[in-house]
*Asks:* 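Let me give you the structure first, and then I'll get to my questions.
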Amino acid sequence: MRFCDLFISYKIGLKSIKSTIPFTKLPLYRKVFIIILLVGAIFSGILYLIKQTWASYIPITLSLLSLIVFFIIDSRKRNLELMLKEHYIPYSKMRMNMTIDILKKFDINIENLDSLDMLIDEAKYAQIQCDYLSPLKKPLKTLGATIIPIIVFVAEKIGDAATQDEMIFMSVQAIVLILLIFSLIFSLTPIVKDLLYRDYNKYDELISDLRQIKLFYIKNPKQ
């Protein structure tokens, strides 16, 4: 139960540290490109509502093309150094100091590698326990293995009564449907995961922070 207390303290600590950069503190070029994207999307939406033609997609297309310029500018050495100095390093320091303070609060010596390794193992175990749908994975695989032969059987029966052109058309439809379903599942999985396993990613963050402490904050790992 002490690990549960530590983990809740860690989640509270994460909430006190802003992981996103406010718009007002972004570099000028990032502000400009964000505005370009928003303006392009708004103008495309207005033009589409007025008249549904290919011209309504021009503003948003130009905005998306401007992303190429953005990535080129954003990857320049001077801009990377600026982001590192102004945002990434301060955030890393605040987050590491917060994690170390919590460990000290629970009388955990950060110089003790065994204690940190035990915490990492406990976090991995707790992460597995919060996966409430894991028992359903095996039955779902069994169900999928049962459905596939049924689909093949139905397709063979339809193929006996359908012409070649009809079979090609139905095959294309099936492929498109499968791709759409896969895309939908792929896009919704992170959202569903965050809703059902609210602490899942937090355990990953705790594990990552503990490893960062082992890498950068332990002065004499051999002792």
Side-chain angles (χ1 to χ4, degrees), residues 1-31 33-34 70-71 73-138 185-223:
M1 293 304 297
R2 290 288 288 171
F3 176 78
C4 180
D5 299 338
L6 184 147
F7 182 65
I8 293 174
S9 299
Y10 175 77
K11 290 197 297 181
I12 294 172
L14 284 180
K15 290 183 179 293
S16 64
I17 301 175
K18 293 183 179 180
S19 59
T20 56
I21 304 172
F23 179 80
T24 55
K25 293 185 178 181
L26 287 173
L28 179 61
Y29 71 92
R30 289 198 171 194
K31 294 178 183 178
F33 281 105
I34 290 174
F70 166 77
F71 288 128
I73 296 175
D74 196 51
S75 61
R76 293 175 63 183
K77 180 181 177 181
R78 182 170 61 86
N79 292 326
L80 290 173
E81 290 176 345
L82 177 65
M83 293 298 294
L84 178 65
K85 180 180 178 181
E86 297 292 331
H87 302 290
Y88 301 142
I89 290 178
Y91 173 76
S92 295
K93 286 183 177 179
M94 287 190 294
R95 183 160 164 174
M96 287 295 96
N97 289 336
M98 178 272 294
T99 306
I100 291 172
D101 288 341
I102 290 174
L103 293 177
K104 290 180 179 178
K105 176 183 175 182
F106 286 86
D107 299 324
I108 296 172
N109 183 9
I110 65 170
E111 299 288 340
N112 190 328
L113 286 175
D114 291 335
S115 295
L116 296 179
D117 288 335
M118 290 176 66
L119 278 175
I120 291 173
D121 291 339
E122 188 67 22
K124 291 179 179 178
Y125 175 77
Q127 187 181 47
I128 294 172
Q129 296 302 309
C130 80
D131 189 354
Y132 303 113
L133 295 182
S134 58
L136 298 177
K137 292 179 181 179
K138 189 173 181 180
I185 294 173
F186 184 78
S187 59
L188 290 179
T189 296
I191 300 174
V192 174
K193 191 174 182 180
D194 287 338
L195 292 174
L196 295 179
Y197 317 130
R198 291 179 296 175
D199 290 339
Y200 194 90
N201 293 330
K202 294 292 189 299
Y203 285 115
D204 281 334
E205 294 182 15
L206 175 59
I207 292 169
S208 175
D209 288 347
L210 293 173
R211 286 173 175 166
Q212 297 300 313
I213 291 172
K214 290 175 62 177
L215 285 172
F216 298 104
Y217 286 82
I218 295 179
K219 297 178 182 178
N220 299 310
K222 294 182 180 180
Q223 295 182 358

*Asks:* Quick one: side chains of residues 81-90, donor-acceptor pairs under 3.5 Å with protein atoms, not counting sequence neighbours, listed by atom name and distance.
*Replies:*
residue, atom, partner, partner atom, Å
His87, NE2, Lys25, O, 3.4

*Asks:* Not counting sequence neighbours, list each pair that qualifies as a salt bridge (charged side-chain N to carboxylate O under 4.0 Å, His left out) and has a residue in residues 118-130.
*Replies:* none
*Asks:* Can you tell me how far apart CG (Leu116) and OH (Tyr217) are? Round to the nearest 0.5 Å.
*Replies:* 13.0 Å
*Asks:* If you round to the nearest 0.5 Å, how far is OH of Tyr10 from CG of Leu206?
*Replies:* 5.5 Å
*Asks:* Taking atom OH as the centre, does Tyr125 end up with more than 12 heavy-atom neighbours from other residues, nucleotides or ligands that are less than 6.0 angstrom away?
*Replies:* no
*Asks:* Can you name the residues that form a salt bridge (Lys or Arg N to Asp or Glu O under 4.0 Å) with Asp74, not counting sequence neighbours?
*Replies:* Arg30
*Asks:* So which heavy atom on Lys202 is nearest to which on Phe7, and how close?
*Replies:* CB-CZ, 3.6 Å
*Asks:* So which heavy atom on Ser75 is nearest to which on Leu80, and how close?
*Replies:* O-CD1, 3.5 Å
*Asks:* Would you please name every residue forming a salt bridge (Lys or Arg N to Asp or Glu O under 4.0 Å) with Lys11, sequence neighbours left out?
*Replies:* Asp199
*Asks:* Report the distance from atom CG of Leu113 to atom CD1 of Ile120, rounding to the nearest 0.5 Å.
*Replies:* 9.5 Å
*Asks:* Out of curiosity, Leu210 CG to Leu119 CG, how far, rounded to the nearest 0.5 Å?
*Replies:* 5.5 Å
*Asks:* Output the distance between atom NZ (Lys105) and atom OG (Ser9), rounded to the nearest 0.5 Å.
*Replies:* 4.0 Å
*Asks:* What pair of heavy atoms forms the shortest contact from Ala123 to Phe3, and how long is it?
*Replies:* CA-CZ, 3.5 Å
*Asks:* Apply ring pair (Phe, Tyr, Trp, His ring centres under 6.0 Å) to Phe70 and list each qualifying residue two or more places apart in sequence or on a separate chain.
*Replies:* Phe33
*Asks:* Not counting sequence neighbours, which residues clear side-chain contact (heavy atoms from CB on, under 4.5 Å) with Ile110? List them please.
*Replies:* Ile100, Leu103, Ile213
*Asks:* Can you list the residues that meet the side-chain contact (heavy atoms from CB on, under 4.5 Å) rule with Lys31, with sequence neighbours excluded?
*Replies:* Phe23, Leu26
*Asks:* Taking side-chain contact (heavy atoms from CB on, under 4.5 Å) as the test, write out the residues that go with Ser92, two or more places apart.
*Replies:* none
*Asks:* Among residues at least two apart in sequence or on other chains, which ones pass salt bridge (Lys or Arg N to Asp or Glu O under 4.0 Å) with Asp101?
*Replies:* none
*Asks:* Is there side-chain contact between Lys18 and Tyr91, with at least one heavy-atom pair below 4.5 Å?
*Replies:* no
*Asks:* Does some side-chain heavy atom of Leu14 sit less than 4.5 Å from a side-chain heavy atom of Arg95?
*Replies:* yes
